[in-house]
Protein chains: 2
Amino acid sequence: MENQIIEGKEPKERILNAAASLFASKGYAAVGVREIADLAQVNVSMISYYFNGKFGILKEIILRYFQEVRQIYEQTWAKNLPPEDALRTIVSELVNLIKNKTIFCKVAITEMPFNLPEFSDFKAEVVRLHIDYIKQGLKLIELFVDDPKYGSIITPAMISLIFSHFLFGPLIKKVWSVETDDEYYDLYAKTISTLMLEGIMGIKKLIEQNNQGEQK
Amino acid sequence: MENQIIEGKEPKERILNAAASLFASKGYAAVGVREIADLAQVNVSMISYYFNGKFGILKEIILRYFQEVRQIYEQTWAKNLPPEDALRTIVSELVNLIKNKTIFCKVAITEMPFNLPEFSDFKAEVVRLHIDYIKQGLKLIELFVDDPKYGSIITPAMISLIFSHFLFGPLIKKVWSVETDDEYYDLYAKTISTLMLEGIMGIKKLIEQNNQGEQK
DNA sequence: AAATTAATCAAACGTTCGTTTAAATTTTTT
DNA sequence: AAAAAATTTAAACGAACGTTTGATTAATTT
């Protein structure tokens, strides 16, 4: 992930892209505003001018991420697909989103587990803002396995599966090198969705076996 | 994740625990040494005395994590289990490790995607140090699906599955609340390993179907 | 008990942090 | 063309950063 000088475009977009690149590489808190300004080739006070401060950049990135994800969900629901196809489509579209906007998505997802004070409030607000389609996503899982306990396990699992290559892939890269072209990401999406679906079917079977065991 | 004042024990352990708690909550870079010292009830210069500085704490945490994981792998190989049982055991043991040492494991795993300069060298060294059992872990996946492309997808997927509840669970908690007792984590381990195994079997089938398709 | 080592402490160091301020410059509007 | 608005700039602010330093205290060794 090279931190190339961000050229062209408007200063605001340059700041956003520079910051995203740096946040994805080092994490939000480890990046200073002067570093962002240098990379974006702007004056440091422009960060306050355009984004009301450093945190404003992070907010913008995360809002954009959630907006993109929302769009994918909404477009998939609009197709009225059967559950399996819906899940495959969502996974495929999400992988595509992450592939095309790796940096933005990585920033959003890697800041999720942290509870910085100012960030907590914002995170709660974003979840509230998007709660409708998050719930619809959960309902999709419930079409397969209708039990909150399993749902609460499977939903985070699905998120992390989709992101797994982008978060942990580089670490494993030390062991082998695989060409990550478009074909790879197609295979990735197919593999992840297969893993999800077959896994969920296996869990469903497990539950049914347990229920039969309990009826005897 | 409450940042309780860390009492008792030796100062060194108190610093370690305080730091781990704060790193897990906010990320390494967002935590200052004075905050750690306050929480651990020590003088700030003791961080340099005992750990040679802030980064030394992070190194210690990550080394301990990898050591624990290594132990799990080694104990599992020593049992000479069939592949399915081996995978289930590893998942179950890893989930248990993370449950019991959530904070330490979370710190280790959430810093993985970042490339802080001093951290990159250390990360590369840790991977080199543990490369033998990392490779054995990859071989376990290859017993199911013997193709580097799939292996390079499935292995990060397995890591992220195991951690999914601990990273993204709190976010989903806004939607529903589930009692996370010991029974929950047993179910979690069983669900994750089932999802993995059934998913891998599904991918295996997919590959075989593709190979049959290519032979015609 | 005295000497040595280890642990703890307060203060300081040099640097960096994000934000603010007011002036200068550029762009847009009248 | 002049006025207003927007953008950019350099400098400064107050705070925080991680580490170092040397003194003090406590623990261990002789």
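Only a predicted model underlies this, so the values are computations on that prediction, with no experimental measurement involved. In the text below, chain A, chain B and the rest are named by the order of the sequence lines, each starting its count at 1.
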Taking [atom1] from [X] and [atom2] from [N], how many angstroms apart are they, rounded to a whole number?
X: Ile57(A); N: dC17(C); atom1: CD1; atom2: P; answer: 14 Å
X: Tyr49(B); N: dT21(D); atom1: OH; atom2: C1'; answer: 15 Å
X: Phe51(A); N: dT7(D); atom1: CZ; atom2: P; answer: 12 Å
X: Asp38(B); N: dC9(C); atom1: CG; atom2: P; answer: 12 Å
X: Ile47(B); N: dT20(D); atom1: CD1; atom2: C1'; answer: 14 Å
X: Ile15(B); N: dT19(D); atom1: CD1; atom2: C1'; answer: 14 Å
X: Glu118(A); N: dC17(C); atom1: CD; atom2: C1'; answer: 13 Å
X: Leu116(B); N: dG18(D); atom1: CG; atom2: P; answer: 13 Å

Ionic contact status for Lys79(B) with Asp85(B), cut-off 4.0 Å: no
Sugar-phosphate, base or nothing in reach of Met46(B), heavy atoms under 4.0 Å: sugar-phosphate
Sugar-phosphate only, base, or nothing, as touched by Tyr50(B) at under 4.0 Å among non-hydrogen atoms: sugar-phosphate
Among [options], the one nearest [X] by side-chain distance:
X: Arg34(A); options: dG18(D), dC17(C), dA10(D); result: dC17(C)
X: Asn43(B); options: dT8(D), dA10(C), dG18(C); result: dA10(C)
X: Ser45(A); options: dT21(C), dT19(D), dT19(C); result: dT21(C)

For Asp147(A), all residues meeting side chain to side chain contact (heavy atoms under 4.5 Å, CB included), sequence neighbours excluded: Lys149(A), Tyr150(A)
Aromatic contact, Phe168(A) with Phe163(B) (centres under 6.0 Å): no
Tyr73(A) ring center near Tyr133(A) ring center (under 6.0 Å): yes
